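Read the structure below first, then the notes.
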Amino acid sequence: MGIDALAARLRAAISADQVLTDRQQLRTYECDGLAHYKVIPAIVVLARSENDVVAAVKACADTRTPFVARGSGTGLSGGALPHADGVLIVTSQLRGIVAMRPEDERAVVQPGVINLQVTKAATPHGYYYAPDPSSQQICSIGGNVAENSGGAHCLKYGFTTNHVTGLRVVTPDGAVVPLGGAAPDTPGYDLLGAFVGSEGTLGIATEVTVKLTRLPETVRTLLAAFASTDQAGAATSAIIAAGVVPAAIEMMDALSIEAAESAVHCGYPAGAGAVLVVELDGPAAEVEAQFAEVTRHCEEAAAFEIRVAADDTERQLIWRGRKSAFAAVGRISPDYIVQDGVIPRTALPEVLRRINEVAAEHGVRVANVFHAGDGNLHPLVLFDDGVPGEAERAEAVSGAILDLCIEHGGSITGEHGVGVDKARYMPRMFSDVDLETMHLVRCAFDPDNLANPGKVFPTPRLCGERPARRSDQAQITFEGAEVF
Ligand SMILES: Cc1cc2nc3c(=O)[nH]c(=O)nc-3n(C[C@H](O)[C@H](O)[C@H](O)COP(=O)(O)OP(=O)(O)OC[C@H]3O[C@@H](n4cnc5c(N)ncnc54)[C@H](O)[C@@H]3O)c2cc1C
C-alpha cells in the first residue's frame with residue numbers, strides 16, 4: 001500500500017484532522033531535542049485515544065510500514081526522530097489523569113501527561129511523583145517510560161523504572177496488553193522492566209500506572225562553592241561515604257555557572273570553580289542531623305562559601321541555576337552537544353581532568369553539569385558551526401568522553417537513551433553476543449522490526465536470522481580467563 005492509500009485508511013479509521021500529510025505541517029515533527037538530526041515523516045497521526053493508537057499501529061502492521069512514537073519531543077538522543085517512509089504517532093494529546101489513588105500510592109495516567117502535572121495533581125493529597133528530569137515542565141510520562149528518565153532526585157529515589165508498576169501497551173501488531181499492574185511486582189518474566197527504557201522499540205504505552213511518593217516532612221537545600229571540581233568531587237565522595245544519601249547532589253563547573261548566571265541570574269558565589277547543590281529531605285530530626293554532617297564535609301573539602309536556602313523562594317533560585325543549565329549554555333556558545341555518560345562516583349576528579357585535557361587538545365571548551373551523586377555526567381561540548389572543522393572536533397571530543405566513561409567502568413548513557421545518536425557507540429560497550437541477545441528480546445515483541453527501527457542497535461538486524469553462536473564470536477574474557 002502506498003503512502004496515499006495508507007493515509008486514506010488512517011483518515012477513515014481515526015479522523016481526517018488527526019492525520020497530517022501536508023509537508024509544511026510534517027516539518028513541525030522533523031526532529032526532537034537533538035535538532036541536528038532531521039527527517040520528515042511520511043504521515044503524522046495525532047492520537048487522542050488508545051483506539052487511535054491501535055488503529056494507527058494496526059494499519060502500519062498490515063502494510064509493513066515503520067512507525068515511531070513521539071511524546072513531547074524533548075528527547076536528546078534522536079529517539080523520536082521520524083522514519084521518512086513511516087508514520088509518526090504522537091501521544092502528546094493523551095493528557096488525561098485516569099485515576100489518582102493516594103490511598104494506594106498510585107496514579108494512572110495517559111502517556112502524554114506532562115511529568116510535572118502528576119506532581120501537581122498529587123500534591124493536594126500529600127504526594128508527588130519523584131522522577132524529575134530537568135525537562136519536567138514539558139516532557140511526557142510516555143517519553144519518560146521509554147527513556148527510563150532520571151533527574152536530580154533519582155540519587156535517593158531511583159529512576160522511572162522504580163516508579164512504574166503497570167502499563168497498557170499497544171504491541172507492534174496492534175494488540176493491547178497490560179504489563180504489570182498496581183501491585184509492586186507480578187509473577188513471570190519482568191516484561192514491564194523490559195519495556196521501560198526500550199525507547200519505543202517494543203510498542204507504544206497508552207496508559208501508565210506510577211507510584212506516588214509521600215511529600216517529605218522537611219526539605220533543606222544548600223549551595224556550596226569550591227575553588228575546583230576536584231574539591232567538590234571530594235566533598236561528594238565524603239558525603240556518600242559517611243552513609244548520608246541526599247535527595248540530590250548536583251555539580252556545576254565554572255563554565256556552566258557562567259552560562260546559568262547570564263541566563264537566569266541565580267546569584268551563585270563569584271569566582272567559584274565549582275558549586276554543589278545538595279538537598280536533603282525526610283523527617284525533620286534526621287534531616288537536621290544529616291545537614292550538619294553535609295556542611296562539615298563541604299567545609300573539610302575547602303568550600304569557601306556555603307549558602308542555605310532560607311525559604312522556598314531561595315530554594316527555587318538555587319535550583320533555577322541548575323535546571324536551566326543546558327539551555328543557558330546557548331548564551332555562551334552558538335552551538336553545543338549535550339553529552340550523557342556515567343562513571344563511578346570515585347572516578348569523577350580523574351575523568352573531569354581528562355575531559356578538559358581532551359577538549360584542550362581539540363581546541364573546544366566543555367562545560368560540565370552533572371548528577372554528581374550517581375556519577376551521571378552531562379558534559380556540554382561547545383562549538384561554533386560557523387567555524388570550519390569545529391563541529392567535527394566537538395563530535396570527536398563528545399565520542400572521546402564516552403570512551404572515558406567506558407574505560408572507567410561506566411556507561412555511554414545515564415538517562416538520555418541511545419536513540420539514533422548513540423547507536424554507533426553500542427559496540428564499544430557491548431559484544432555482538434550482548435547485542436544479539438537484546439535483539440532477540442526485541443524480536444519477541446516486534447518480529448517485523450516496525451517499531452522505531454534504526455534506533456538503539458548499531459546495524460539493521462532482521463528477526464529470524466540465525467543468531468550468531470558464541471563460538472562464532474570474538475573471544476569473551478571473564479576475570480582474565482578466555483572463554484567461549
Ligand atoms: C532541557 C532539557 C533537559 C533535560 N533533562 C533531562 C533530565 O534531567 N533527565 C532525563 O532523563 N532526561 C532529560 N532530558 C531528555 C528528555 O526530556 C527525556 O528523555 C524525556 O523523557 C523525553 O520525553 P518526551 O515526552 O519529550 O519524549 P520524546 O522525545 O517524544 O520521545 C523519546 C522516546 O520515547 C519514545 N516514546 C515517546 N512516547 C512513547 C510512548 N507513549 N510509548 C512508547 N515510546 C514512546 C519515542 O519513540 C522516543 O524513542 C532533557 C531534555 C531537555 C531538552
Side-chain angles (χ1 to χ4, degrees), residues 29 31-35 37 41 47 50 53 56-57 66-83 86-95 109-116 131-154 159-161 164 167-172 179 195-208 248 250 263 319 322-330 336 338 340 342 369-371 374 376 378 380 413-421 423 445-446 451-456:
Y29 302 94
C31 66
D32 61 7
L34 192 63
Y37 292 99
E50 182 180 86
V53 177
V57 171
F67 65 88
V68 177
R70 176 182 166 113
S72 301
T74 66
L76 291 173
S77 55
L81 187 74
H83 192 290
V87 179
L88 187 76
I89 302 175
V90 182
T91 57
S92 60
Q93 294 185 23
L94 289 164
R95 284 206 180 178
V109 303
Q110 290 189 315
V113 168
I114 299 301
N115 173 298
L116 197 58
D132 61 338
S134 300
S135 52
Q136 68 181 150
Q137 300 197 1
I138 38 171
C139 65
S140 74
I141 291 293
N144 292 177
V145 167
E147 299 289 3
N148 187 21
S149 293
H153 292 79
C154 291
F159 283 64
T160 300
T161 192
V164 172
L167 293 172
R168 277 172 72 87
V169 168
V170 178
T171 56
L179 300 179
F195 193 93
V196 178
S198 60
E199 302 192 26
T201 61
L202 303 185
I204 302 186
T206 48
E207 198 173 273
V208 186
E250 299 287 296
W319 275 113
R322 164 60 186 93
K323 296 223 169 186
S324 68
F326 287 1
V329 163
Y336 58 95
V338 180
D340 166 45
V342 185
V369 185
F370 47 94
H371 309 307
D374 47 21
N376 185 186
H378 289 311
L380 301 149
T413 169
E415 54 186 19
H416 295 171
V418 177
V420 71
D421 192 42
F445 281 80
D446 182 20
N452 216 359
K455 312 290 168 64
V456 181

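Keep in mind the model is a prediction, meaning the values are calculated, not measured. Ligands are counted one by one from 1 in listed order, and the atoms in each one are counted from 1 as well.
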Heavy-atom nearest neighbour in the protein, as seen from atom 32 (C) of ligand 1, with distance rounded to 0.1 Å: Glu147 OE2, 3.4 Å
Nearest protein heavy atom with distance in Å, relative to atom 25 (O) of ligand 1: Ser140 OG, 2.6 Å
Can you confirm, on distance only, whether ligand 1 has an N/O atom lying under 3.5 Å from any N/O atom belonging to Pro111? no
Can you confirm, on distance only, whether ligand 1 has an N/O atom lying under 3.5 Å from any N/O atom belonging to Ser72? yes
Within residues 131-143 or reaching into it, pairs that qualify as salt bridge (charged side-chain N to carboxylate O under 4.0 Å, His left out) - sequence neighbours excluded: Asp132-Lys323
Do any N/O atoms on Gly79 end up under 3.5 angstrom from N/O atoms on ligand 1? yes
Closest to atom 27 (O) of ligand 1 among protein heavy atoms sits Gly143 CA, 3.5 Å
N/O separation below 3.5 Å, Ala205 to ligand 1: yes
For the 3.5 Å polar cut-off, considering only N or O atoms, please tell me whether Glu199 and ligand 1 meet it. yes
Short N or O distance, Leu76 and ligand 1, threshold 3.5 Å exclusive: no
Close N or O approach (Ala146, ligand 1; < 3.5 Å): no
Taking only residues two or more places apart in sequence or in another chain, which ones pass side-chain hydrogen bond (donor to acceptor under 3.5 Å, both in side chains) with His416? none
Protein heavy atom at shortest distance from atom 18 (C) of ligand 1: Ser149 OG, 3.7 Å
among protein heavy atoms, the one nearest atom 46 (C) of ligand 1 is Ala69 O, 3.0 Å
Under 3.5 Å between some N or O of ligand 1 and some N or O of Thr74? yes
So do Val164 and Val208 actually touch side chain to side chain, heavy atoms under 4.5 Å? yes
closest protein heavy atom to atom 37 (C) of ligand 1 is Gly71 N, 3.6 Å
